[in-house]
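In the text below, chain A, chain B and the rest are named by the order of the sequence lines, each starting its count at 1. Side-chain atoms are counted along with the backbone in the values below, which use heavy atoms only and exclude waters and symmetry mates. What you are looking at is a predicted structure, and each value in this text was computed from that prediction instead of being measured.
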Amino acid sequence: MRTFGLIDGNSFYCSAERAFAPELRGEPVIVLSNNDGCAIARTAEAKARGIKMGDAWHLIRERPGVRDVRWFSSNYALYGDMSRRVYEVLAARVPRVEPYSIDEMFLDLDLPEGVDVTAFCRELRDVVRQIAKIPTCIGYGPTKTIAKLANGVAKDRPELRGLCDLRDARARAQLYAELPAGEVWGIGGRTAEKLDRRGVRSIADFVAMDAKQTRELLTVVGARVQAELRGTSCLPLSLIVPPRKGMAVTRTFGQPVGDWATLREAVAAYATRAGEKLRAGGLLATVMTVFCHTNPHNGDPWHSAQRTAQIEPTSDSLALIAEAVRLLRPCWKQGYRYSKAGVMLAELVPAARQPVQLFPTRDPVQSARAMAVLDTINGRFGRGTLRPLATGIARPWQAQARNLSPRYTTRAGEMLIARVW
DNA sequence: TCTGGGGTCCTAGGACCC
DNA sequence: TCTGGGGTCCTAGGACCC
């Protein structure tokens, strides 16, 4: 029997903030989404005050018990780097690690004969906490889906002290009877409702369903989840990162944008960011979609539009800006207050495999040189140090981030300084 | 009472995830 | 004043082909 593990950071973004600000230990802490919109990470102390995932900050911040919660704008430079540190600690000790999300990694726990999995996991938690400064939980069992479920149990039940072992079928059977089917990875709200209508409530009910019926009701996806819960592994650990299929840069504006010039600037900036991501991944985009829409929440007149087009394969920011602005033009209508826009790229192809253009609109050598200079300077001095003029100067559309912590680990000027007397 | 069968590709929409 | 961003996969149905 194989053993998969899932390790994940407790309230990961909050823990990353705490790693460099020890005075936050024991305090309720939350991290907000872009634009300081809603809560996307909460410590146990913050959860105890009734703050829910996705709560709009401006609606809850004056509530009793919430006023003294320590809140942060999201600092992805910090979280991404902390995630990398966790990975490195794990990869040095576990033969195969598959990063699943910024705060979760699957582990191959088929350890050498005589190594006790539980003791090994306990030690792994300790060392991740010591070196990467992130508290974690680990769940493990014979399939990824079971490991993920175990991880959730470890998180919810402090008495388990961060570990949950679901290798044993009897332990699983007991848990399956207690937990609702919706707790399972891959069973979302819609599917849980569908199951509920058929009287399937607990995981045990779901596991007991006829496999053929499951397949008919929930397609191959549901059938796979069921098989995994029964202990048949269908989702292998994968160490190769599949090539990405698309990418998107979409943002809600810091304030509504009515005029064409400002909207164009914002979209130019998103196209620029998309170009950086393409080049970082060694990719070219061949299809682009641009969209913009007004605020769906505040009663403003609704307008939403989008345009898609095939583009000449490129990762050149200036070329992307030109295409994006061309597509945006027919989307914009005078008199509306736009709240969000985005640039999405699809049909990505590896730059290395790109056939030579017969009649390129840009000199490829010059383009590559210009982008290399841009990336080098921005890599050294920070994103946006050097940027196309089309992305604007004042940038009133930029997202709000009123309480951003320092980028402790990725910017020399923002490092913590320890003084020793 | 009657309609051919079988294949591919593309797109929109749904559902899920963190 | 203020409500996130970025992904993946699957299916149904239409267009088109021989």
Trainee: Is the phosphate of C/dT3 approached by A/Ser33 (side-chain N or O, under 4.0 Å from OP1 or OP2)?
Mentor: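 So the side-chain polar atoms of A/Ser33 never come under 4.0 Å of the phosphate oxygens OP1 or OP2 of C/dT3.
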
Trainee: What's the closest nucleotide to the side chain of A/Thr250 if the choices are C/dG6, B/dC18, B/dA15?
Mentor: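 Of all the options, the side chain of A/Thr250 is nearest to C/dG6.
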
Trainee: Side chain of A/Thr252: nearest nucleotide among C/dC10, B/dC18, C/dG5?
Mentor: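 Selected nucleotide: C/dG5.
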
Trainee: Classify the nucleic acid contact of A/Val184 as base, sugar-phosphate or nothing, counting any heavy atom under 4.0 Å across all strands shown.
Mentor: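 If one applies the 4.0 Å heavy-atom cut-off, A/Val184 turns out to touch the sugar-phosphate alone, with no base involved.
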
Trainee: Once you apply a heavy-atom cut-off of 4.0 Å, does A/Glu104 come out as touching a base, just sugar-phosphate, or nothing?
Mentor: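 The answer is sugar-phosphate, as A/Glu104 gets under 4.0 Å only of primed atoms, P, OP1 or OP2.
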
Trainee: Identify whether any heavy atom of A/Trp57 sits under 4.0 Å from a base atom; if not, whether one sits that close to sugar-phosphate; answer base, sugar-phosphate or nothing.
Mentor: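 If one applies the 4.0 Å heavy-atom cut-off, A/Trp57 turns out to touch nothing in the nucleic acid.
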
Trainee: In terms of ring plane angle, is the pair A/Tyr338 and A/His303 parallel, tilted or perpendicular, where the classes change at 30° and 60°?
Mentor: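 If you compare the ring of A/Tyr338 with that of A/His303, the planes turn out perpendicular.
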
Trainee: Give a yes/no answer on whether the side chain of A/Lys277 brings an N or O atom under 4.0 Å of OP1 or OP2 in C/dG5.
Mentor: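 Checking C/dG5 against A/Lys277, no side-chain N or O comes under 4.0 Å of OP1 or OP2.
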
Trainee: Scan A/Asp55 against the nucleic acid and name what it touches under 4.0 Å (heavy atoms): base, sugar-phosphate only, or nothing.
Mentor: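 A/Asp55: no heavy atom of the nucleic acid under 4.0 Å.
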
Trainee: At under 4.0 Å, does any side-chain N or O of A/Arg61 touch on OP1 or OP2 of C/dC2?
Mentor: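 No, because none of the side-chain N or O atoms of A/Arg61 sits under 4.0 Å from OP1 or OP2 of C/dC2.
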
Trainee: Whether A/Lys148 contacts B/dC17 is assessed here as follows: a side-chain N or O lying under 4.0 Å from the phosphate OP1 or OP2. Is that the case?
Mentor: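 False: A/Lys148 side-chain N/O out of range (4.0 Å or more) of B/dC17 OP1/OP2.
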
Trainee: Do you know which of A/Phe72, A/Trp71, A/Tyr76 makes ring pair (Phe, Tyr, Trp, His ring centres under 6.0 Å) with A/Tyr13?
Mentor: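 So, applying the ring pair (Phe, Tyr, Trp, His ring centres under 6.0 Å) to A/Tyr13 and each of A/Phe72, A/Trp71, A/Tyr76, only A/Tyr76 qualifies.
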
Trainee: Would you say a side-chain N or O of A/Lys194 is under 4.0 Å from OP1 or OP2 of B/dA15?
Mentor: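 So the side chain of A/Lys194 is outside the cut-off, no N or O lying under 4.0 Å from OP1 or OP2 of B/dA15.
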
Trainee: Does B/dC17 have its OP1 or OP2 closer than 4.0 Å to a side-chain nitrogen or oxygen of A/Ser101?
Mentor: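 Looking at the OP1 and OP2 atoms of B/dC17, neither is under 4.0 Å from any side-chain N or O of A/Ser101.
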
Trainee: Once you apply a heavy-atom cut-off of 4.0 Å, does A/Leu32 come out as touching a base, just sugar-phosphate, or nothing?
Mentor: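 The residue A/Leu32 makes no contact with any strand.
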
Trainee: For A/Gly54, which contact category applies under a 4.0 Å heavy-atom criterion: base, sugar-phosphate, or nothing?
Mentor: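 The residue A/Gly54 makes no contact with any strand.
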
Trainee: Which residue, A/Asp36 or A/Val249, contacts DNA chain C at a nucleotide closer to its 5' end, judged by nearest heavy atom?
Mentor: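 So the residue in question is A/Asp36.
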
Trainee: With sugar-phosphate meaning primed atoms plus P, OP1 and OP2, does A/Ser74 contact a base, only sugar-phosphate, or nothing at under 4.0 Å between heavy atoms?
Mentor: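 Nothing, no heavy atom under 4.0 Å.
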
Trainee: Can you check whether A/Arg402 has a side-chain N or O nearer than 4.0 Å to OP1 or OP2 of C/dC2?
Mentor: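 Answer no for this pair, as no side-chain N or O of A/Arg402 is under 4.0 Å from OP1 or OP2.
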
Trainee: Tell me whether A/Arg2 at atom CZ has more than 12 heavy atoms from other residues, nucleotides or ligands lying less than 6.0 Å away.
Mentor: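 Result for CZ/A/Arg2: enclosed.
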
Trainee: Which is true for A/Arg215 with a 4.0 Å heavy-atom rule: it touches a base, it touches only sugar-phosphate, or it touches nothing?
Mentor: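 Sugar-phosphate: the residue A/Arg215, judged by heavy atoms under 4.0 Å, touches backbone atoms but no base.
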
Trainee: In terms of relative ring orientation, are A/His293 and A/Trp302 parallel, tilted or perpendicular, with 30° and 60° separating the classes?
Mentor: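 The rings of A/His293 and A/Trp302 sit tilted, inter-plane angle from 30° to 60°.
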
Trainee: If you compare every side-chain N and O of A/Lys340 against the phosphate oxygens of C/dG5 (OP1, OP2), does one of them come in below 4.0 Å?
Mentor: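 Checking A/Lys340 against C/dG5: at least one side-chain N or O falls below 4.0 Å of OP1 or OP2.
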
Trainee: When you get a sec, tell me which of C/dT3, B/dC18, C/dG5 is the closest nucleotide to the side chain of A/Asn34?
Mentor: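 Minimum distance to the A/Asn34 side chain belongs to C/dG5.
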
Trainee: Counting heavy atoms from C-beta on, name the nucleotide in C/dT8, C/dC2, B/dC17 closest to the side chain of A/Pro256.
Mentor: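 It is C/dC2.
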
